[in-house]
2 protein chains.
Amino acid sequence: MNRDAKRTLLQDVAREAGVSTASVSRVLNRAPHVSERLRSRVEAAINSLGYVPDGTARALASRRIGAIGALVPTLDNPVFSAMIDSLEQRLKQYDCRLLIATYRYRLDEEVESLRTLIQQGIDGAVLIGHDHLPATLELFRRHEVPYLTCWHSEEDPDWPSIGFDNAAPARHLAEHLIQLGHRRFGVISAPADGNDRARARLTGFRQALEAAGLDLPDDHVVTVEYGIEEGAAAFADLMRLTPRPTAILCGNDVLAFGAMFAAAQAGIAIPDDLSITGFDDLPQSRFMHPALTTVAAPSAEVGRLVADTLVARIRGDQTPHRQVLEAQVVLRGTTAPPLHETQPA
Amino acid sequence: MNRDAKRTLLQDVAREAGVSTASVSRVLNRAPHVSERLRSRVEAAINSLGYVPDGTARALASRRIGAIGALVPTLDNPVFSAMIDSLEQRLKQYDCRLLIATYRYRLDEEVESLRTLIQQGIDGAVLIGHDHLPATLELFRRHEVPYLTCWHSEEDPDWPSIGFDNAAPARHLAEHLIQLGHRRFGVISAPADGNDRARARLTGFRQALEAAGLDLPDDHVVTVEYGIEEGAAAFADLMRLTPRPTAILCGNDVLAFGAMFAAAQAGIAIPDDLSITGFDDLPQSRFMHPALTTVAAPSAEVGRLVADTLVARIRGDQTPHRQVLEAQVVLRGTTAPPLHETQPA
DNA sequence: GTCCTTATTGTAAGCGCTTACAATCAAGCT
DNA sequence: AGCTTGATTGTAAGCGCTTACAATAAGGAC
C-alpha cells in the first residue's frame with residue numbers, strides 16, 4: 001500500500017469535526033461515554049472526507065491485529081478447504097481476517113510458518129491435528145498467542161481442540177465389514193508420520209480386527225501419499241496378495257476414489273467382489289457408482305466452531321478445552337457381504 | 001498477540017550490542033553500509049536475546065506489510081483452492097503472507113472484503129475474473145494498491161490479468177461435438193451474473209453452434225448454482241426436452257459430475273446415448289467412468305504466476321499487463337458420436 | 001599536514017492511531 | 001449557593017520500528 005499519497009488521517013477528521021483526535025478514535029471504536037451529538041458530528045466528518053483508518057497504526061497502538069492465522073497441511077484437500085471456507089465466513093462476522101499458511105505435512109515447515117505469522121502479527125492461530133513439534137508450542141507460549149487445534153479429539157492439556165474422534169468411526173467401519181462377513185482386509189493409509197489422524201484411523205481399523213481375532217499383516221497395509229493415482233497404485237499392490245483381501249479400508253475418500261478407479265480398471269466389481277470404505281465424505285462421494293461408504297467429517301461445523309472459540313479465547317473468555325463433534329459413519333453402496341466366500345461364523 | 005509481557009525490543013538489542021537502534025534496524029533489513037564487525041555484534045545480540053521484531057511496528061514505520069490479499073468467490077471449489085495453494089507456496093518464497101477473503105459470488109461482498117483488507121493492510125491484491133464493481137477499481141486507485149485479476153484473459157486497460165481464454169476452449173469443445181455429428185445440444189451453466197468465466201464459456205458454446213448453423217433455444221440452457229446435485233437436477237430438466245439433446249455442455253466439471261450421476265441413475269449411457277463435457281479438469285475427472293472430456297484450467301500455474309507478477313508490481317517493476325496461458329481441451333471418454341441417430345452431413 | 005570524499009554510525013523525528021489521565025461541565029445534594 | 005459525582009471530552013505520551021539527516025571516522029589527493 002502506497003502511503004506517499006497524502007491520505008486523510010484521523011487528525012483531519014478531528015479538525016473537520018472540530019473535536020479532538022481521541023474523540024474520533026472513540027467513535028471509531030464504539031467506546032462508551034460518547035454523546036450522540038459528538039458521534040454524529042464525527043461520523044459526518046468521516047463520511048465527507050472518506051476517511052479510512054489505517055489498520056497498521058491501529059494494530060500497533062491497540063495491540064490488536066484483527067486477524068488470525070490458520071496453518072493447514074494443504075488446501076489441495078477439499079476437506080480442508082471446506083473447513084477454511086466456513087472458518088473465513090464466520091470470522092468475517094467477528095470482523096476478523098484470515099491468514100493462511102500451508103506446510104505440506106512437514107512439521108518443521110509448520111513451525112517456520114507459524115513463526116512468520118506470529119512475527120507478522122496475528123491475534124490467534126489454529127492448527128490441524130494433534131501432531132506438532134515442541135517448538136510450535138514454545139512459540140505460542142512465548143508470544144502468548146491464543147491457539148487451537150482441530151480435526152482430532154485427543155485429550156491433551158497442551159492442546160485445546162475442536163474435532164472428532166478419528167479412531168472410533170474407523171473402528172465402526174471395520175466392525176461393519178466384519179459383521180458383513182469379511183475376514184481378509186487390506187488398508188490404504190496416508191503417511192502416518194506427523195499425521196495423527198491417519199494414525200488414529202489405522203488404530204481404529206486395527207482395534208476392530210483385533211477384537212474379532214483377525215490378523216492384519218504388515219503387507220496388507222499400504223502407505224501412500226494423498227492422491228487418486230496414489231490410491232489406485234496402492235490398490236494394485238493389495239490385489240497382488242494371495243489370498244486377496246475382500247475389503248479395503250482407505251484412510252480418506254480420495255484414496256478410496258483411487259481404489260475404486262483401479263478396481264473398475266481391473267474389472268473387480270464393487271461391492272460384489274470387494275468392499276471399499278473411505279473417510280471424509282467429500283461431496284462427490286455420495287455420487288459415485290456405487291456411492292462410497294465413508295465417515296462424514298464435519299468440516300463446516302469445525303470451521304464455524306473454531307472461529308467462535310478462537311475469537312472467544314482472544315477476548316479472554318473461558319472456553320471448553322476440548323470440543324468433540326460427531327463424525328458419523330455413512331453406509332452406502334461400496335460395502336456388502338463377501339459373496340464368493342463361504343461365510344464362517 | 002499479548003504484548004503486556006515485556007518483550008525484547010529492538011532497543012534492548014541495541015543496548016546489548018552497544019550500538020544504536022538504527023544500526024540494529026539496518027542489520028535487520030540488510031541495508032547497505034554496515035560493517036562486518038557491527039553486523040556480527042548485532043546478530044550475536046539478537047540471538048542471545050531471542051529477539052523477534054514486531055511486524056506491526058515494522059509495517060507502520062516502513063509502509064510495507066509483507067502480505068497480499070486474495071479475493072475468491074469460494075474455496076469450496078477445488079479449482080480455486082488449488083490455485084490458492086500454489087499461490088501461497090510461491091509467495092512464501094518472497095517472504096510474503098497471504099490473506100484470504102471469500103465473497104460467494106456477490107460482487108458487493110467482494111468490495112466490502114477488499115475494503116477491509118486494504119484497511120487492514122495489504123501490499124497488493126488479486127481478484128478472480130473480469131467482473132467487478134466500479135467501487136473495486138476505485139478502492140485500488142484511491143489507496144494505490146497494486147492489483148491483478150486472474151482466471152480470464154479479457155483485454156482491459158483497467159484490469160491487468162493472468163489467465164486463459166474461457167471462450168475458445170469452450171468453443172472447441174462444442175466444435176468437437178459437432179464434428180462428431182451432434183446437432184442437438186443442451187447446456188448446463190453456472191449463473192452468469194457477475195461471473196464472466198461462465199458467460200465466456202457460454203459464449204464459446206454459442207459461437208460454435210452458430211457457426212455450424214445450429215440453434216440453441218433458451219430452454220436448452222439451464223442455469224444452476226455450483227454443485228453436483230444442482231448439475232444432476234439441471235440434467236433432469238434437459239432430459240425432459242423433446243427431442244432430447246444428444247450432447248450436454250457443462251460450465252464446469254462439478255456440474256458435469258452431477259449430469260453424469262443423473263445419467264447413470266436414469267440409465268442413460270455415456271457416451272453412447274449422450275455426450276457430456278466439463279470445464280476445469282479437476283483431479284478426479286480423469287478417473288471417472290468414463291473419464292470426463294473437459295478443459296484443463298492451469299490452476300497451479302496461474303497461482304505461481306500471480307505470485308511472481310504481483311510481487312514484481314509491488315516492487316514497482318514493469319510487468320506485462322496481460323498474460324495468457326493455455327487451457328487445453330482434454331478429450332476423454334464422455335464424448336462420442338451420437339450412435340442412435342442418422343448422421344446428416 | 002590539510003582538505004575533500006566516501007563509508008559508517010548515531011540522533012531523533014516520525015509512521016497514524018489508542019488510551020491513561022487530566023480537565024471540564026451539568027446535574028443532584030445539602 | 002457550594003460541593004460532589006459521574007459523564008464527556010481533550011491532552012499528550014506512547015506503541016516498536018524505520019529512515020532522513022547529522023556526525024564522525026577513514027582514506028586519498030595535493
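So that the names make sense, note that chain A is the first sequence line, chain B the second, and so on, each numbered from 1. The figures here come from the full heavy-atom set of this structure, side chains too, leaving out hydrogens, waters and symmetry mates. Predicted, not measured: the structure shown is a model, and the values here were computed from it.
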Does a sphere of radius 6.0 Å around CG in Asp158(A) hold more than 12 heavy atoms from other residues, nucleotides or ligands, not counting ones at 6.0 Å or beyond?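 Yes, the 6.0 Å shell around CG holds more than 12 heavy atoms from other groups.
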Which one, dT18(C), dC17(C), dC15(D), comes nearest to the side chain of Pro53(A)? dC17(C)
Output the single nucleotide from dT19(D), dG16(D), dG10(D) whose closest atom is nearest the side chain of Arg64(B). dT19(D)
Any sub-3.5 Å donor-acceptor pair from [X]'s side-chain atoms to [Y]'s backbone N or O?
| X | Y | result |
| --- | --- | --- |
| His321(B) | Asp156(B) | yes |
| Thr149(B) | Ile128(B) | no |
| Asn47(B) | Ala44(B) | no |
| Thr136(A) | Leu133(A) | yes |
| Glu301(B) | Leu325(B) | no |

Going by an N to O cut-off under 4.0 Å, is there a salt bridge joining Arg115(A) and Glu112(A)? yes
Taking [atom1] from [X] and [atom2] from [N], how many angstroms apart are they, rounded to a whole number?
| X | N | atom1 | atom2 | result |
| --- | --- | --- | --- | --- |
| Gln11(B) | dC17(D) | CD | P | 9 Å |
| Gln119(B) | dG16(C) | CD | P | 15 Å |
| Arg58(B) | dC17(D) | CZ | P | 9 Å |
| Leu60(B) | dA13(C) | CG | P | 17 Å |
| Arg39(A) | dA7(D) | CZ | C1' | 14 Å |
| Ile65(A) | dC15(D) | CD1 | C1' | 11 Å |
| Arg41(B) | dT8(C) | CZ | C1' | 13 Å |
| Asn29(A) | dT19(C) | CG | C1' | 10 Å |

On a heavy-atom basis, which atom in Pro53(B) and which in Leu28(B) lie closest, and how many Å separate them? CB-CD2, 4.4 Å
Identify, with sequence neighbours excluded, every residue that meets ring-ring contact (aromatic ring centres under 6.0 Å, His included) alongside Phe80(B).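 Applying ring-ring contact (aromatic ring centres under 6.0 Å, His included) to Phe80(B) gives Trp151(B).
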Phe140(B): ring-ring contact (aromatic ring centres under 6.0 Å, His included) partners, not counting sequence neighbours: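 With sequence neighbours excluded, Phe140(B) shows a ring-ring contact (aromatic ring centres under 6.0 Å, His included) to Tyr147(B), given in chain and number order.
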Do Thr116(A) and Arg97(B) come within less than 4.5 Å of each other through their side chains, counting heavy atoms only?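 Result yes, sub-4.5 Å side-chain heavy-atom pair found.
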Does any part of the side chain of Arg197(B), heavy atoms only, come nearer than 4.5 Å to the side chain of Pro73(B), both counted from C-beta? yes
Just by distance, no angles: are the side chains of Tyr105(B) and Asp193(B) close enough, under 3.5 Å, to form a donor-acceptor pair? no
Could you tell me if Ser23(B) and Ser20(B) have a donor-acceptor pair between their side chains, going purely by distance under 3.5 Å?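 Yes.
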Roughly how bent is the helix from dG1(C)-dC30(D) to dT30(C)-dA1(D) end to end, in steps of 10 degrees, with each end axis from five pairs?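 The end axes of the helix from dG1(C)-dC30(D) to dT30(C)-dA1(D) are about 50° apart, to the nearest 10°.
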Does a side-chain N or O of Ser35(A) approach OP1 or OP2 of dT9(D) to a distance below 4.0 Å, or not? yes
Polar atoms only, N or O, under 3.5 Å: list the protein pairs with nucleotides 5-7 of chain C and their distances.
none

Please tabulate the protein-to-nucleotide N/O contacts below 3.5 Å involving nucleotides 21-26 of chain C, giving atom names and distances.
none

Where along residues 14-25 of chain A does a heavy atom fall under 4.0 Å from DNA chain C?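 Here the set is Ala22(A), Ser25(A).
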